[in-house]
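Notes for the one structure printed next.
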Amino acid sequence: MKIVYCILGTFNSGGMERVLANKANYLAKLGHEITIITTDQQNRKPYFNLDESIKQIDLGINYTGNNNSGLFKKLVDYPKKQSEHKKLLKDLLFKIKPDITVSLFDHEVTLLPNIHDGSKKIVEIHFSRFKRMQYGRKGIWKIIDKIRSNNDLKTVKKYDKFVVLTEEDKSYWGDLDNIAVIPNANSFKISKPSSLNSKNVIAVGRYDYQKRFEDLIDIWAIVHQEEPEWHLNIFGKGPEKDVLQKMIDRLNLNDTVTLREPVRNIDEQYLNSSMIVMTSRYEGLPMALLEGQVAGLPLISYTCKCGPKDIISEGENGFLLEEGDKSGFAKRVIELIRNDNLRKEFGEKSFQLSNNFSERKIMQKWLELFDESLSK
């Protein structure tokens, strides 16, 4: 098969980029012809390694160039960029002649259904139905987010297949004929899980509004009072790094909380930890929890939409806390710190359950979806 993936860029270290790299590499190794079309790569290398057979083409639209612009300029510039994007994308698809074209719900999502190049169109969303409303923006931006959220439903109906990551999210989209649930696969294989003997707790994610690391730092201030020998490592980068560091400074937590740069060998960091924590406002199916699970770590998370409830079985491989329950969250962390047997029991269960998200199982679902799309 000829398969095209459309995404803003592959230069980020995020979960969506990791998932795309894993899928593209898997399909390429099976002999499929894979092309990744980006809009904002700007000559940057992919963060995650891609098979040398995978073609990478950037259209040079540069949507991110308007990130710091005002509303009026965005309203003027965006239609122009969309028009250019559609023309370049259409010309390229007619040249490639793919069997399948996949949108990762980036700026091409409204354009692809109107490009009649003969390929089957599939859209996959890595967040949830109400992601746009979870930005927490106010005023005119809140109205725009609501309009765009309503338009998302109209858009996905135009695709041959629409893939969501969880059964929870599927229920939010209503009764759609084209919807399918395919979760993310584990990012790596680990033959022997963490020993859970280190005094390290790990969190992974972009330093931004979505991940709500300010809650996690407050939580750790409570934990530190009770268990001063333990350490929290937060791996990521993003616009809120300075704010978070100032918060750590203000709470005198520099000896116990460290903001760390993303690393490619993140599996080693999981194996050097004894639990993983997450305080996100929203997710799709969080790769950090999947990765922590395959490393055999106990999991503690807020019950945000969507994903944690699909990965964490309460009291079996971890704990789920209501959003904003910082004291309850801290108590659960302290409980696992002090109870070695419970920590190891949860870790063993996590390692067992990680098989539900094995690459082989998940990619078989994708291959079946592709075959079903092409047969119609």
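Numbers for residues simply follow the sequence, beginning at 1. Side chains are part of it too, since the values below use all heavy atoms of this structure and drop only hydrogens, waters and symmetry mates.
Put simply, the side chain of Arg212 gets close to the backbone of Ser280: a donor and an acceptor are under 3.5 Å apart. Panel note: side chain Asp99, backbone Ile3; no donor-acceptor pair is recorded below 3.5 Å. Not a single donor-acceptor pair under 3.5 Å links the side chain of Asn272 to the backbone N or O of Glu268. Under a 3.5 Å cut-off, the side chain of Asn62 and the backbone N or O of Gly65 do form a donor-acceptor pair. The backbone N or O of Tyr207 sits nowhere less than 3.5 Å from a side-chain atom of Lys241 that would complete a donor-acceptor pair. A donor-acceptor contact shorter than 3.5 Å is absent between the side chain of Asn66 and the backbone of Lys74. The main-chain N or O of Leu320 is never found under 3.5 Å from a side-chain atom of Thr303 such that the two would form a donor-acceptor pair. A donor-acceptor distance shorter than 3.5 angstrom exists from the side chain of Asp58 to the backbone of Asp40, with no hydrogens or angles considered. Formation of a donor-acceptor pair under 3.5 Å by the Lys120 side chain with backbone atoms of Lys376 is found in this model. Using a distance-only test at 3.5 Å, with no hydrogens or angles considered, a donor-acceptor pair links the side chain of Ser373 to the main chain of Leu369.
For Asp208, the salt bridge (charged side-chain N to carboxylate O under 4.0 Å, His left out) criterion is met by Arg206, not counting sequence neighbours. Judged as a salt bridge (charged side-chain N to carboxylate O under 4.0 Å, His left out), and not counting sequence neighbours, the contacts of Lys309 are Glu168.
If you take CG on Asn114 and NZ on Lys90, they are separated by 10.0 Å, rounding to the nearest 0.5 Å. Taking CG of Asp91 as the start and NZ of Lys86 as the end, the distance is 11.5 Å to the nearest 0.5 Å. With rounding to the nearest 0.5 angstrom, the CD atom of Gln293 is 10.5 Å from the CZ atom of Phe351. Between the CG atom of Leu259 and the CG atom of Leu232 there is a distance of 8.5 Å, given to the nearest 0.5 Å. With rounding to the nearest 0.5 Å, the separation of CG in Asp325 from CD1 in Ile219 is 8.5 Å. In this structure, CG on Leu297 lies 5.5 Å from OG on Ser194, to the nearest 0.5 angstrom.
Taking the ring axis of Tyr47 as reference, the NZ or CZ atom of Arg264 stays within 45° of it and closer than 6.0 Å to the ring centre.
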Hey, mind stepping through Lys146 and Asn150 against side chain to side chain contact (heavy atoms under 4.5 Å, CB included) and telling me if it holds? CA-CA 6 Å; Lys146 187 173 182 179; Asn150 291 334; 4.2 Å; yes
Before giving the answer on side chain to side chain contact (heavy atoms under 4.5 Å, CB included), spell out for Phe235 and Asn233 the whole-Å C-alpha distance, their side-chain angles and the decisive distance to 0.1 Å. CA-CA 6 Å; Phe235 288 85; Asn233 294 299; 3.8 Å; yes
Stepwise side chain to side chain contact (heavy atoms under 4.5 Å, CB included) check, Leu374 with Met1: CA-CA 10 Å; Leu374 291 172; Met1 283 185 288; 3.5 Å; yes
Working for side chain to side chain contact (heavy atoms under 4.5 Å, CB included), residues Gln82 and Thr110: CA-CA 9 Å; Gln82 283 272 279; Thr110 60; 3.2 Å; yes
Could you walk me through whether Glu345 and Asn341 pass the side chain to side chain donor-acceptor pair (under 3.5 Å) test, one step at a time? CA-CA 6 Å; Glu345 178 185 321; Asn341 290 334; over 6 Å; no
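Summarising the geometry of Ser13 relative to Lys237, their closest heavy-atom pair is OG-CE, 4.2 Å, with the distance given to 0.1 Å. Contact detail for Asn317 and Ser313: the closest heavy-atom pair is OD1-N, 2.7 Å. Nearest heavy atoms, Ala185 versus Leu290: O-CD1, 4.2 Å. Contact record, Met278 with Pro308: CE-CG, 3.7 Å, taken as the closest heavy-atom pair.
A salt bridge links Glu226 with Arg338; the closest basic N to acidic carboxylate O contact falls under 4.0 Å. The existence of a salt bridge linking Glu335 and Arg332 is confirmed by a sub-4.0 Å separation between a basic side-chain nitrogen and an acidic carboxylate oxygen. Contact check on Glu240 versus Lys246 returns no salt bridge, with no Lys/Arg side-chain nitrogen under 4.0 Å from an Asp/Glu carboxylate oxygen. Between Lys142 and Asp145 there is no salt bridge, since no side-chain nitrogen of the basic residue lies less than 4.0 Å from a carboxylate oxygen of the acidic one.
If you check the side chains of Glu108 and Thr101, you find no donor sitting under 3.5 Å from an acceptor. The closest side-chain donor-acceptor pair between Ser149 and Arg129 falls under 3.5 angstrom. Judged by distance alone, the side chains of Gln56 and Thr38 never bring a donor and an acceptor atom under 3.5 Å apart. In this structure, a donor-acceptor pair under 3.5 Å is absent between the side chains of Gln269 and Asn265. Side chain to side chain, Lys121 and Ser119 meet the donor-acceptor criterion of an N or O pair below 3.5 Å. Side-chain polar atoms of Asp160 and Asn178 form no donor-acceptor pair below 3.5 angstrom.
By the neighbour-count criterion of 12 heavy atoms within 6.0 Å, atom CD of Glu261 is densely surrounded, having more than that number from other residues, nucleotides or ligands. Within a 6.0 Å radius of NZ in Lys161, more than 12 heavy atoms belonging to other residues, nucleotides or ligands are found. The neighbour count for Lys361 NZ, taken as heavy atoms of other residues, nucleotides or ligands under 6.0 Å away, is above 12. Annotation: Lys45, atom NZ; neighbour count of heavy atoms from other residues, nucleotides and ligands within 6.0 Å does not exceed 12. Within a 6.0 Å sphere centred on CD of Glu322, heavy atoms belonging to other residues, nucleotides or ligands number 12 at most. Heavy atoms from other residues, nucleotides or ligands lying under 6.0 Å from CG of Asn254 number more than 12.
When side chains are defined from C-beta on, Leu251 does not count as touching Trp220, because their heavy atoms never get closer than 4.5 Å. Annotation: side chain of Glu291 is not in contact with side chain of Ile190 (no heavy-atom distance under 4.5 Å). Side-chain contact between Asp310 and Leu165 is absent, with no heavy-atom pair separated by less than 4.5 Å.
The residue from Ile276, Thr279, Ile312, Leu321 that alone fulfils the side-chain contact (heavy atoms from CB on, under 4.5 Å) condition with Ser301 is Ile312. Under the side-chain contact (heavy atoms from CB on, under 4.5 Å) rule, Gln41 has a single partner from Ile57, Leu59, Thr10, which is Thr10.
Placement of Val181 and Ile125 within a single hydrophobic cluster is found when ILVMFWY residues are connected by side-chain heavy-atom separations under 4.5 Å, directly or transitively. Ile300 and Leu289 fall into different hydrophobic clusters, where Ile, Leu, Val, Met, Phe, Trp and Tyr are joined by side-chain heavy atoms under 4.5 Å apart, directly or via other members. Under the 4.5 Å side-chain heavy-atom criterion for grouping Ile, Leu, Val, Met, Phe, Trp and Tyr, Phe346 is not connected to Leu271 through any hydrophobic cluster. Criterion: ILVMFWY side-chain heavy atoms under 4.5 Å apart, direct or through other members. Under it, Val19 and Val204 are part of a common hydrophobic cluster.
For Tyr26 and Trp366, the distance between ring centers is not under 6.0 angstrom.
Each ring-ring contact (aromatic ring centres under 6.0 Å, His included) pair with one or both residues in residues 106-131, not counting sequence neighbours, appears once here: Tyr63-His107, Tyr78-His107, Phe127-Tyr282, Phe130-Tyr172.
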